[in-house]
Every structure is written in C-alpha cells, then in structure tokens.
Amino acid sequence: MDEEIHERVRDRIKAIPRGRVATYGDIADLAKAPSPRLVGRILNEDGHDLPWQRVLKADGTCAPHLRDTQLQLLHEEGVPNLDGKVDLREYRWEDAREKADEEPGLW
DNA sequence: ATTATGACTCACA
DNA sequence: CTGTGAGCCATAA
C-alpha cells in the first residue's frame, strides 16, 4: 500500500546515522518507493519530524531552497561540503543497502 | 480527463 | 561545466 511506502520512507530517513547522508534515489530504493519523486514529496509533507538534512540529490547536492540550512546542519554533524556538494563516495549511507539487497520472502 | 508543479534522476548534446 | 528532454509519482485546479 502507499501507506507502507510512506512509512518505509520515513523509517529509512529516520534510520540514517549521524554524519551520513543518503540520496532520494537510495531512499526510494530502500523503501521500495516507485520513484524518488515520491520521497521528495513525502519529505515536503511529512518530513517535519525527519532528519531531512541527511537526504541529498543523486549528485551530492541538495534542493535549492534548503541548500544553506542543510549544508550548515550537515557541517555540524560532521559532514563537510565542498561548494555545496557532499562527497557521496565517502559519506553516502550504504550500510542499509546490505539489508535491502534481499527482502526475505516478501518478493 | 488534461495541465502544471514539486525537497528527483538519467541520458544526451 | 550547462542545458534539454523524458520518465517518474501524487496533488491541485
């Protein structure tokens, strides 16, 4: 159900450890969301509780309106940013991928 | 039903 | 590096 997606997305974002970041696409994949678009939309509506600052675009940049705030928050968490871009290669949250790699019996 | 918009992504030029 | 176009999902008008 779409409620599942909604819930999963929020959980995944909540589960992002401090000092790490994830892309919309990653969250979408982990949460089995049909599209990263949905992740952004959910954050816009129900992301007030979530550490949305840890969610970046696929290239390591962040949404235009949040750019300043997000970068600052990340910087405080220990995630350095260069010219508004985070080094995903180092700070991308991939630990969850091992789990999402295989869903037990669900599919 | 169609069009426009938004915290997206990708391929291509 | 910067566009541009297409695909993508959910809402609103």
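What you see is a predicted model, and the numbers here were worked out from it, not measured in a lab. Here is how names work: the chains are called A, B, and so on, in the same order as the sequence lines, proteins then strands, and each is numbered from 1. Note that these values count all heavy atoms, side chains included, but never hydrogens, waters or copies made by symmetry.
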Rounded off to whole Å, could you give me the CG-to-P distance for the Asp49(A) and dA7(B) pair? 19 Å
Whole angstroms only, please: what is the CG-P distance between Asp26(A) and dT9(B)? 9 Å
Distance check needed: dG6(B) C1' versus Arg37(A) CZ, whole Å only. 6 Å
Rounded to the nearest 0.5 Å, what separates atom CZ in Arg12(A) from atom CG in Asp29(A)? 9.5 Å
Taking CZ from Arg41(A) and C1' from dA10(C), how many angstroms apart are they, rounded to a whole number? 5 Å
Quick one: Ile42(A) CD1 to dT11(C) C1', roughly how many Å, whole number? 13 Å
Indicate yes or no for a side-chain donor-acceptor contact from Gln70(A) to the backbone of Val55(A) under 3.5 Å, with no hydrogens or angles considered. yes
As a quick check of understanding, evaluate side chain to side chain donor-acceptor pair (under 3.5 Å) for Asp46(A) and His6(A), giving each step before the final call. CA-CA 9 Å; Asp46(A) 296 322; His6(A) 197 103; 2.5 Å; yes
Using a heavy-atom cut-off of 4.0 Å across all strands, would you classify Leu38(A) as base, sugar-phosphate, or nothing? sugar-phosphate
Backbone N or O of Ile16(A) within a donor-acceptor pair of the Arg54(A) side chain at under 3.5 Å? yes
Residues Lys85(A), Asp59(A): salt bridge by 4.0 Å N-O rule: no
Go nucleotide by nucleotide along DNA chain C from the 5' end; which of Glu45(A) and Pro36(A) gets its closest nucleotide reached first? Pro36(A)
dT5(B) to dC8(C) separation - C1' atoms, rounded to the nearest Å: 14 Å
Distance, rounded to the nearest Å, where Asp59(A) contributes CG and dC8(B) contributes P: 11 Å
Rounded distance in Å - NZ (Lys32(A)) to C1' (dC9(C)): 17 Å
C1' atoms of dA12(C) and dA1(B), separation to the nearest Å: 14 Å
Taking the C1' atom of each, how far is dG7(C) from dG6(B), in whole Å? 15 Å
May I have the distance from Leu56(A) (atom CG) to dC8(B) (atom C1'), rounded to whole angstrom? 12 Å
Using a cut-off of strictly less than 4.0 Å, decide whether Lys85(A) has a side-chain nitrogen or oxygen near OP1 or OP2 of dC1(C). yes
